[in-house]
Every structure is written in structure tokens, then in C-alpha cells.
Amino acid sequence: MKPFIIKSCFLLLLLCNSPYVFSQTNKIELKKDCKGTRIRIDGKDFFIKGMNWDYYPIGTNYEYILWNKPESFIREALDSEMLLLKNMGVNAIRVYTGIPPEWITYVYKQYGIYTMLNHTFGRYGLTVDGQWVANTDYANPKVENILLGEITMLAQKYKDTEGLMLFLIGNENNYGLFWEGAETENIPAENRMSTERAVNMYKLFNKAALTIKSIDKNHPVAICNGDLLFLDIIARECKAFDIFGTNIYRGVSFGDTFRKVKKEYRKPVLLTEFGADAYNVKDKKEDAEAQANCLRQNWKEIYENVAGAGQAENCLGGFTFQFSDGWWKYDQTYRLDIHDTTASWSNGGYQNDYTKNEPNMNEEWFGICAKGQTDQRGHYTLFPRAAYYTLKNLLTLDPFSKRTSLKTIHQHFDNN
């Protein structure tokens, strides 16, 4: 028996040093009381200091898949970026489906960073009967079978993954009711045709949330909407979701977002995307300070609306968009080695470079880190902008500390 015991112990040691080890999943729950709603992980209040994260070397686009690389390459890429994220105080990342469960666990065990796993739910098209359909028809029974089948497999695959924080369904799919492509355009306005399509879409979203909950009762499920468009339909058709997630770009302020969701949907709010680009189209040069100042104001409002702060008390935190520049975002398949300065949509919330009816939003410049050229191994180096250091200082504040109040939040943000 002794040789068997020795071999078993040796094997156990090897497994413990591998990313392919799973432990008991964390207990994730929403706590609601007279002070508002917050997330609790393993019995402790948790404030989400999140970041939208991906890995695309210069010269690549959405077809590049980090997870297909050798294990040593993946580990080196994660170690480099997660160390930077941990150093600035980030405790959660938003990642799209495709990341293997073992790497979610690796990021959590090595860096204490949780993952919000995002299924886009047909946002960028779907293959139906062997044909690619660019604009998903959520009323089509075949589409329903495909998407709910994917959601079922997702929940089954990831439900016991240590480090998984929650599931996020969609990515501003309501804009997909208007936009034909994947590139960002001006935010649309509601119309009768889009409303009819939205009802079908949100009904299917609700079925997706119910599907996950039937398999995994331990992880909350959030919807990812574009701003507050169709909030009335969401409130009526999406009762199964635990969290209202929103990608919202309004400049320095989220306006009435927290109050309106509290009144109309009564679900906690998670800012799944928000941010500012670091390029000024008027001056035709990088403007890192304007980006940092916008993010400072955004995070100030997030803190002001957490449970116990005295305002809406329904904000769970947020995910800054994004960690590094996406050199492929404009045109997406062309000029991938050029950091394009073409603005693709207009937003008056960003007054530093706004001119009426003129595009001022630069999709390739939203990173709080600039991206360096790729080395011979295929890795790149990041160069933190002012926003990185601004957030590093701001995110040190614990909103659930007994010493934290609306007054101390304001003092903290005024002094950093």
C-alpha cells in the first residue's frame, strides 16, 4: 500500500499546482434590507469594482482567441494583466463565454478576482439552419431552441466553478433591434416596430434566466441592456432576473438611472459598461485627463448609490470599460495595425470634444491602458493612462465600512 499512497500524494501535489483544479463554489447571494441591496459572497458584503477585460494583440480582432493558445502562453498573459488589475483594486472582470472554467478559478485563486461570465445571446447574429443571420429574430422558435440550448450548456458547464460571481445575459441587445452590424452607432430611439420586436426578445431573455436558475441556484443572473431603453417592457417581461445590468454612456453623470430603475423595475443596478475614450477629436490628440475626470465622476455616483449611502441604495458596483485599447474596433476587419482616430458616433455627454451632430466617440481609445506592440512570443505590454492611477486611488474606499457615509464619499472623491 505504501507505494500507492506515495504516488497518490505526488499526484495530488501536481494537481494542486495546476489551473485545472476545482473547489467548492463560492456562495453568492443578494441581500436586501432597510439600507438597500448589496451582493454578499461567502457571508461578506461585496462591492463590485469591476473591469471589462479582454486580450487582443495589435493586428488581431474578434477572431483571436486567447484560450486556444498553449497553457504557458495563457498563464503568462493572465499573470501580466491580472497583476495590474489587482494592483489598482479591481476585484471582478467581465469576460465573454469561451473562457474555460479552470482559468476563471485560476484568476480567482491567484489574484482574488471574480468573473462575471457574459453570454451575448444572439447579439451579433446566429447560425440558423446552416445559414448565418446577422440580425437575430427572437420570435423564431428555432432561434429560441438554439439560444436556450446554449444557455443550458453554459449553466451546466460553469455552475460549480470557483471564482464565478454571476451570469450576464446579452450585450445591449436592444440596440441590435436597430443596428444591422456590430459597430457602435448613435443610440437609437424607440419606435413601434422595434417595440414589437423588443417584447419577443425580452420574453426569451426571461426564459434564459429561468433556464439558468433551474440548473444553478447559487449564482445571480443579470440582464445586460443598452441604457434604460425599453425599461417598461423589461419590468413586465423580465421578472426572473436578479440584477439590472446596463451599458450606459452619458458622460460624467448617469442622470436618473438609479432612481428610475428603483421605481420602475425594483432590481439592483449593476453598471456593466461605462467610460470615456482617451482621444479628443477637436484637438486631434490623446486626452487622458478628460478620460480620468469622467471616470472619477462616474465612480463617485456609483458609490453615492450603494446600499447605506442614503441615495437610491440599489447600486452593486460597476465594470469600467475598458482595460486596454481595442485597435480593431473601428472597421473591425481592416487596418488592424493602425490605432484609428476616426470617431464613429456622437454623444453630447462628453462635452470636452463634442460638436453638435459631429461624431466624437473613438471606439479604439477606451482603454485605461494604452497597448504596446506585440513581441516575438505574441504578448504585448500595457502602459497605464491617468485613469488607471485615478481609479487605483478612488477604489481604496470601502463603501460598507462603518466609517463611510455620503459625506466621507464626497471627501474621498474630492481629494483624489
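Sequence positions, counted from 1, serve as the residue numbers for this chain.
Here the two rings, on Tyr202 and Tyr138, have centers that are 6.0 Å apart or farther. Between Phe73 and His379, the distance separating the two ring centers is shorter than 6.0 angstrom.
With hydrogens and angles left out, the side-chain atoms of Asn293 and Arg296 include a donor and acceptor closer than 3.5 Å. In this structure, a donor-acceptor pair under 3.5 Å is absent between the side chains of Asn135 and Tyr124.
Sequence neighbours left out, the pairs with a member in residues 198-215 that pass salt bridge (Lys or Arg N to Asp or Glu O under 4.0 Å) are Glu144-Lys207, Lys213-Asp242. Judged as a side-chain hydrogen bond (donor to acceptor under 3.5 Å, both in side chains), the pairs with a partner in residues 268-277 (not counting sequence neighbours) are, in order, Arg94-Glu273, Asn247-Thr272, Asn247-Glu273, Tyr249-Glu273. Legend: side-chain hydrogen bond (donor to acceptor under 3.5 Å, both in side chains) pairs involving residues 297-306, not counting sequence neighbours, sorted by first then second residue: Ser253-Glu301, Trp299-Thr320, Glu304-His410.
Because its NZ or CZ atom is not both nearer than 6.0 Å to the ring centre of Phe244 and within 45° of the ring axis, Lys267 does not count as a cation-pi partner of that residue.
At least one side-chain heavy atom of Arg250 sits under 4.5 Å from a side-chain heavy atom of Thr257.
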Begin with the C-alpha distance, continue with both residues' side-chain angles, and end with the deciding distance and a verdict on ring pair (Phe, Tyr, Trp, His ring centres under 6.0 Å) for Tyr56 and Trp327. CA-CA 8 Å; Tyr56 293 108; Trp327 283 45; over 10 Å; no
Going through the distances and angles, do Phe254 and Phe274 end up as a ring pair (Phe, Tyr, Trp, His ring centres under 6.0 Å)? CA-CA 9 Å; Phe254 301 120; Phe274 63 95; 5.7 Å; yes
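Ring pair Phe241/Phe205 is tilted by interplanar angle, where 30° to 60° counts as tilted.
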